[in-house]
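In what follows, a single structure is set out as structure tokens and then discussed.
First the proteins, then the strands, lettered A, B, ... as listed; each starts at 1. Quantities reported herein were computed from a predicted structural model and do not represent experimental measurements.
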2 protein chains.
Amino acid sequence: MDESIEQQRELPLALRAAYMALHRGTEAAFAKQGVTADQFVLLLALRDGGTLTQRELADRISSDASTIRAMLVLLERGGLIQRASHPSDSRAKTVELTSAGKKKLRQLWKVGQKIRDDMYGAMSPREADVLIDLLRRVAGTLSKERKSDCVSC
Amino acid sequence: MDESIEQQRELPLALRAAYMALHRGTEAAFAKQGVTADQFVLLLALRDGGTLTQRELADRISSDASTIRAMLVLLERGGLIQRASHPSDSRAKTVELTSAGKKKLRQLWKVGQKIRDDMYGAMSPREADVLIDLLRRVAGTLSKERKSDCVSC
DNA sequence: TATTGTTATACTCTATAACTATA
DNA sequence: TATAGTTATAGAGTATAACAATA
């Protein structure tokens, strides 16, 4: 009981420390590849999602429309993605990986393997399941809260 | 076994999603207070650490010396922290919260209570303990790896 | 020689607001 | 009216390298 009060700040800081370690490690590993950790996540979303609009992309990695555009401009400049007009909605643009983008993604996946191994090596498979489940619940509550909590509405 | 292979990317992305939800929620909650989520973490480190040098601060929140300086300049401008020459090491500077900084920190703590409640509300106290433990193990392995993995050394 | 901090510089991500074009 | 995307703009965090002063 006292413990849970004392712990009131442990969880947020522990979550931040773990993510920061992951982020920095990934950033360092990808530096030579000319791709940032966040760009990697965007590329992953494209691999999973196939062809997406910018808005769908923004929703998937829960980011901003103009942030997404800034990232896409960089990735397009590097030849990793390409954009085209949407066939049925001419306001929208479709985004997809180029073949160079798919190749780069396979490289990045290899380069990042050590980090994933380290993470999973720190726990049993069962613990990994538990961790993933808890993280999803945290993400779920917090994003749900934000929507219903819109002060300015 | 197939599951753990399939999961190879679940953990990093789940960690990112949870942290992002926390970060965005905190950012939104603190916007009116004129303090960012990262600045809040720095202020927390100062509360726990008392008077620290910039280097100690950089180590605590595992950040860069020049990043720390940039943040401190902003916080000093806002009157939340103050810096002074270190008594025994005249290269170093000491950093501490001003009384305005302590007051602001108490406000921020209050404002952030809802987010902490949401996080802890998504799980039992026992699960929270497990989550914190697993997150620390993840952070531990990854930071350890980075040190021993210095390619350029 | 190594370390603390500063400076200059640059890049990425983030976000808001005003805007165009389309649904 | 609402939505997709662009543009301009700004701020914050990140990081590197060169530098001064001190240990």
Which heavy-atom pair separates A:L97 from A:L46 by the least distance, and what is that distance?
CG-CB, 3.9 Å

Residue B:D64, side-chain atoms from C-beta onward, closest of C:dG5, C:dT12, D:dT16
D:dT16

Between B:R137 and A:E127, does any NZ, NE, NH1 or NH2 come within less than 4.0 Å of an OD or OE carboxylate oxygen?
yes

Under 4.0 Å from OP1 or OP2 of C:dT14: is there any side-chain N or O of A:S63 that close?
yes

How close or far is atom P of C:dT14 from atom NE2 of B:H23, stated in whole angstroms?
8 Å

Measure from CG on B:L74 to P on D:dG13 and round the result to the nearest Å.
6 Å

For A:Y19 and C:dC13, what is the distance between atoms OH and C1' respectively, to the nearest whole Å?
10 Å

Non-neighbouring partners of A:D48 that pass side-chain contact (heavy atoms from CB on, under 4.5 Å), sequence neighbours left out:
A:R60, B:R9

Integer-rounded Å distance: C:dC13 C1' and A:I68 CD1
10 Å

Does B:R24 place a side-chain N or O at less than 4.0 Å from the phosphate oxygens OP1/OP2 of C:dT14?
yes

Would you indicate which nucleotide in C:dT4, D:dT6, D:dA15 comes nearest to any side-chain atom of B:T67?
D:dA15

What heavy-atom pair brings B:A45 and B:I61 nearest, and what distance separates the two atoms?
CB-CG2, 4.1 Å

Distance in angstrom units between B:Q39 CD and D:dA12 C1', rounded
8 Å

Out of curiosity, does A:L74 fall in the hydrophobic cluster containing A:L108 (side-chain heavy atoms, cut-off under 4.5 Å, transitive links)?
no

Would you mind checking if B:D38 and A:R16 are paired as a salt bridge, meaning a charged N to carboxylate O distance below 4.0 Å?
yes

Using a cut-off of strictly less than 4.0 Å, decide whether B:R69 has a side-chain nitrogen or oxygen near OP1 or OP2 of D:dA15.
no

side-chain contact (heavy atoms from CB on, under 4.5 Å) between A:L72 and A:L57, intermediate numbers included:
CA-CA 10 Å; A:L72 289 177; A:L57 213 36; 4.1 Å; yes

B:L72 CG to C:dT4 P: how many Å, rounded?
15 Å

Which heavy atom of B:F30 sits nearest to which heavy atom of B:G112, and what is that distance?
CE2-N, 4.1 Å

Check the distance between C:dG5's P and B:E76's CD and give it to me in whole angstrom.
13 Å

Grab the NE2-C1' distance between B:H86 and D:dA23 for me, whole Å please.
12 Å

Taking any heavy-atom pair under 4.0 Å as a contact, classify B:D38: base, sugar-phosphate, or nothing.
sugar-phosphate

Give me the atom names and distance for the closest heavy-atom approach of A:Q33 to A:V111.
NE2-CG2, 3.9 Å

Base, sugar-phosphate, or nothing: which does A:A65 touch, judged by heavy atoms less than 4.0 Å apart?
nothing

Considering only heavy atoms, which members of residues 40-59 of chain A lie under 4.0 Å from some atom of DNA chain D?
A:T53, A:Q54, A:R55

Mind listing the N/O atom pairs, protein and nucleotides 17-23 of chain C, below 3.5 Å?
unit_1: C:dT22; atom_1: O3'; unit_2: A:S90; atom_2: OG; d: 2.7
unit_1: C:dA23; atom_1: OP1; unit_2: A:S90; atom_2: N; d: 3.4
unit_1: C:dA23; atom_1: OP1; unit_2: A:S90; atom_2: OG; d: 3.2

Base, sugar-phosphate or nothing for B:E27? Non-hydrogen atoms, less than 4.0 Å.
nothing

Is there a side-chain contact between B:T94 and B:P87 in this structure, where contact means two heavy atoms from C-beta onward sitting under 4.5 Å apart?
yes

Checking C:dG5, C:dC13, D:dT14 against the side chain of A:M71 (C-beta onward), the nearest is C:dC13

